[in-house]
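The block underneath contains the structure these notes are about, expressed in structure tokens.
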Amino acid sequence: MFDQTDPTRLQAAKRPAREWVKILSGYREPDTSRSLFELGVTLGPFVLLWALAWWSLGISYWLTLAISVVNAAFLVRLFAIQHDCGHGAYFKNRSMSDWLGRVIGVLTLTPYGVWRHTHSVHHSSSGNLGRRGMGDIHTMTVAEYRALTPFHRLMYRLYRHPVILFGLGPGYIFLVQNRVPLGLMGRARFWISAMCNNAAVLIGLGLILYFGGVMPILLIFLPSTLLAATTGVWLFYVQHQFETAHWDTDEDWQLHDAALHGSSHYVMPAVLQWLSANIGIHHVHHLYSRIPFYRLPEVLRDHAELADGNRMTIRDSFRNARMHLWDEETRRLLTFRQARAKFAQPAPVN
């Protein structure tokens with residue numbers, strides 16, 4: 001438990017978000033040897049577990065499936081490395097970062113050029129009520145929801161239901177939606193990114209089918225991909241969906257305030273923090289996205305006051321997953337039940 005009366009912490013908590021940017025800029029430089037090491041200890045086990053799972057097909061399909069489930073964790077970490085590449089935070093040479101991101105994108109089924117653009121939009125508009133719709137999980141305000149027809153309320157409730165968001169949604173995003181640059185249809189470079197990714201994925205699957213038949217696809221490729229996709233969507237969700245999140249109208253929205261106060265600090269056990277490449281330190285990442293993931297804990301060690309902000313435990317995250325509507329009056333995310341109770345309140349008398 002942090003001492004909330006510590007004057008140093010209280011002073012730092014009041015520090016304007018913009019001031020933190022200058023401080024965090026000191027952590028932006030990647031270390032090439034460390035980046036290569038992190039890639040090796042992620043890609044190496046991923047390839048070895050794929051080979052082990054393939055070998056186990058001749059012993060037990062259940063064993064193959066179990067190995068694939070474990071390997072999903074390394075696929076999540078590969079996506080996190082791709083994520084840093086997209087921010088230009090992995091190598092000092094931007095071209096090296098981009099090409100590594102493209103290669104990893106074949107393994108994660110993510111067209112790198114398309115994703116890099118939509119994720120950049122997410123960073124530049126997160127928490128802005130006037131710029132929702134690209135690279136985010138759609139969140140409506142209480143007033144917007146109240147103005148919907150019953151049918152469209154049902155559609156929104158279905159969209160936000162855990163079965164859709166974390167069950168069907170991840171598979172749809174990575175297996176279907178990522179195949180076409182939706183929302184960017186008129187720009188050739190995004191089509192090239194998507195089609196090159198599709199071609200590389202199809203070649204890879206074709207080789208697997210040729211040498212191993214359909215079972216490696218059904219018991220190794222699909223389980224690890226779908227579980228990693230679900231984990232990724234969950235992590236993305238909890239990083240911006242919590243009761244005291246930060247949303248503003250376009251005219252009131254401030255980039256740095258939204259980054260620091262609208263992103264969570266997802267506190268996880270050490271092994272999960274490692275496998276997710278410290279993405280839980282999301283408030284720091286959003287405030288300065290050029291910091292390599294392996295330097296984020298260094299930021300918290302040097303500026304422990306940042307560890308206090310927007311802390312969310314795993315238990316908290318499950319509770320926050322019930323909140324779906326932003327209330328502009330109380331500046332809180334509400335559950336549908338809380339929103340209904342708000343609807344039932346009598347209008348104030350002038």
Side-chain angles (χ1 to χ4, degrees), residues 1-2 69-70 72-77 79-80 83 122 126-127 132 135-142 145 153-174 223-247 258 260-286 293 296-297 300 306-327 330-342:
M1 179 69 67
F2 293 103
V69 168
V70 173
F74 289 94
L75 189 56
V76 170
R77 202 168 198 268
F79 189 94
H83 167 264
H122 162 68
S126 180
R132 289 166 289 175
D136 60 4
I137 292 174
H138 183 52
T139 303
M140 299 188 75
T141 68
V142 172
Y145 180 75
R153 286 188 190 180
L154 175 62
M155 290 298 99
Y156 181 71
R157 290 178 70 98
L158 287 175
Y159 166 74
R160 299 283 299 206
H161 195 280
V163 172
I164 301 297
L165 275 179
F166 311 118
L168 301 177
Y172 169 77
I173 291 171
F174 286 88
S224 60
T225 297
L226 291 175
L227 184 55
T230 299
T231 303
V233 170
W234 171 258
L235 288 172
F236 185 78
Y237 180 90
V238 300
Q239 286 158 1
H240 300 285
Q241 302 282 326
F242 52 97
E243 184 179 1
T244 57
H246 189 94
W247 291 85
L260 181 60
H261 304 299
S263 308
S264 67
H265 174 200
Y266 197 28
V267 181
M268 295 179 279
V271 64
L272 296 182
Q273 182 169 315
W274 186 88
L275 288 169
S276 62
N278 302 318
I279 199 62
I281 309 175
H282 209 63
H283 58 322
V284 177
H285 164 69
H286 252 260
F293 74 82
L296 291 173
L300 297 189
L306 282 173
D308 293 345
N310 298 341
R311 287 174 64 89
M312 181 192 300
T313 65
I314 292 177
R315 178 178 294 181
D316 293 333
S317 68
F318 285 112
R319 184 164 55 247
N320 288 334
R322 299 171 53 245
M323 299 174 181
H324 304 293
L325 295 167
W326 175 251
D327 184 11
T330 62
R331 298 189 62 78
R332 290 287 190 275
L333 269 182
L334 303 182
T335 67
F336 287 119
R337 177 176 295 180
Q338 289 170 330
R340 282 199 304 271
K342 187 177 179 66

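Keep in mind that this is a model prediction, so the values were computed, not measured.
Here the straight-line distance linking atom CZ of R331 with atom OG1 of T244 works out to 10.5 Å at 0.5 Å rounding. Remark: S264 OG to E243 CD distance equals 14.0 Å, nearest 0.5 Å. The line from CZ of R77 to CG of L75 is 13.0 Å long, rounded to the nearest 0.5 Å. From F79, atom CZ reaches atom CZ of F236 across 9.5 Å, with rounding to the nearest 0.5 Å. Distance check: R332 CZ to M323 CE gives 9.5 Å after rounding to the nearest 0.5 Å. The CG atom of D327 sits 4.5 Å away from atom CG of L334, with the distance rounded to the nearest 0.5 Å.
V267 meets the side chain to side chain contact (heavy atoms under 4.5 Å, CB included) test with H265, R311; sequence neighbours excluded. Among residues two or more places apart in sequence or in another chain, the side chain to side chain contact (heavy atoms under 4.5 Å, CB included) test is passed with L168 by I164. Applying the side chain to side chain donor-acceptor pair (under 3.5 Å) criterion to N320, with sequence neighbours excluded, gives no partner residue. Among residues two or more places apart in sequence or in another chain, the salt bridge (Lys or Arg N to Asp or Glu O under 4.0 Å) test is passed with R322 by none. Partners of T141 under the side chain to side chain donor-acceptor pair (under 3.5 Å) rule, at least two apart in sequence or in another chain, are E144.
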Would you sort out whether L333 and F242 count as a side-chain contact (heavy atoms from CB on, under 4.5 Å), showing the intermediate values?
-> CA-CA 7 Å; L333 269 182; F242 52 97; 5.7 Å; no

For side-chain contact (heavy atoms from CB on, under 4.5 Å), just list the numbers for R157 and Y145, CA-CA rounded to whole Å, side-chain angles, deciding distance to a tenth of an Å, and then say yes or no.
-> CA-CA 10 Å; R157 290 178 70 98; Y145 180 75; 3.3 Å; yes

Taking it one step at a time, do L306 and L260 satisfy side-chain contact (heavy atoms from CB on, under 4.5 Å)?
-> CA-CA 9 Å; L306 282 173; L260 181 60; 4.2 Å; yes

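Put simply, the side chain of V238 reaches to within 4.5 Å of the side chain of M312, judged on heavy atoms. Side-chain contact between V76 and L227 is absent, with no heavy atoms from C-beta onward closer than 4.5 Å.
Across all non-hydrogen atoms, the minimal contact from P269 to I314 is CD-CD1, 3.8 Å. Here the closest heavy-atom approach between residue A339 and residue L325 is recorded as CB-CD1, 3.6 Å. Contact record, S276 with Q273: OG-O, 3.3 Å, taken as the closest heavy-atom pair. Closest of all the heavy-atom pairs between A72 and A228 is O-CB, 3.6 Å. Here the shortest heavy-atom pairing between P170 and V233 reads CG-CG2, 3.8 Å. Listed here is the closest heavy atom pair of S263 and H283: O-CB, 3.4 Å.
Ring-plane geometry between H261 and H246 is classed as tilted, the angle between the planes lying from 30 to 60 degrees on a 0 to 90 degree scale. The aromatic rings of H286 and H122 sit perpendicular, their planes meeting at an angle over 60°, well past the 30° parallel limit. Under the 30°/60° scheme for interplanar angles, the aromatic rings of W326 and W247 are found to be tilted.
Side chain of N278 to main chain of F293: a donor-acceptor pair is present (N/O by atom type, distance under 3.5 Å, no hydrogens or angles).
Side-chain contact check for H324 and H161: no donor-acceptor pair (N or O, by modelled atom type) lies under 3.5 Å.
Sequence neighbours left out, the pairs with a member in residues 227-238 that pass side-chain hydrogen bond (donor to acceptor under 3.5 Å, both in side chains) are R160-Y237, W234-Y266.
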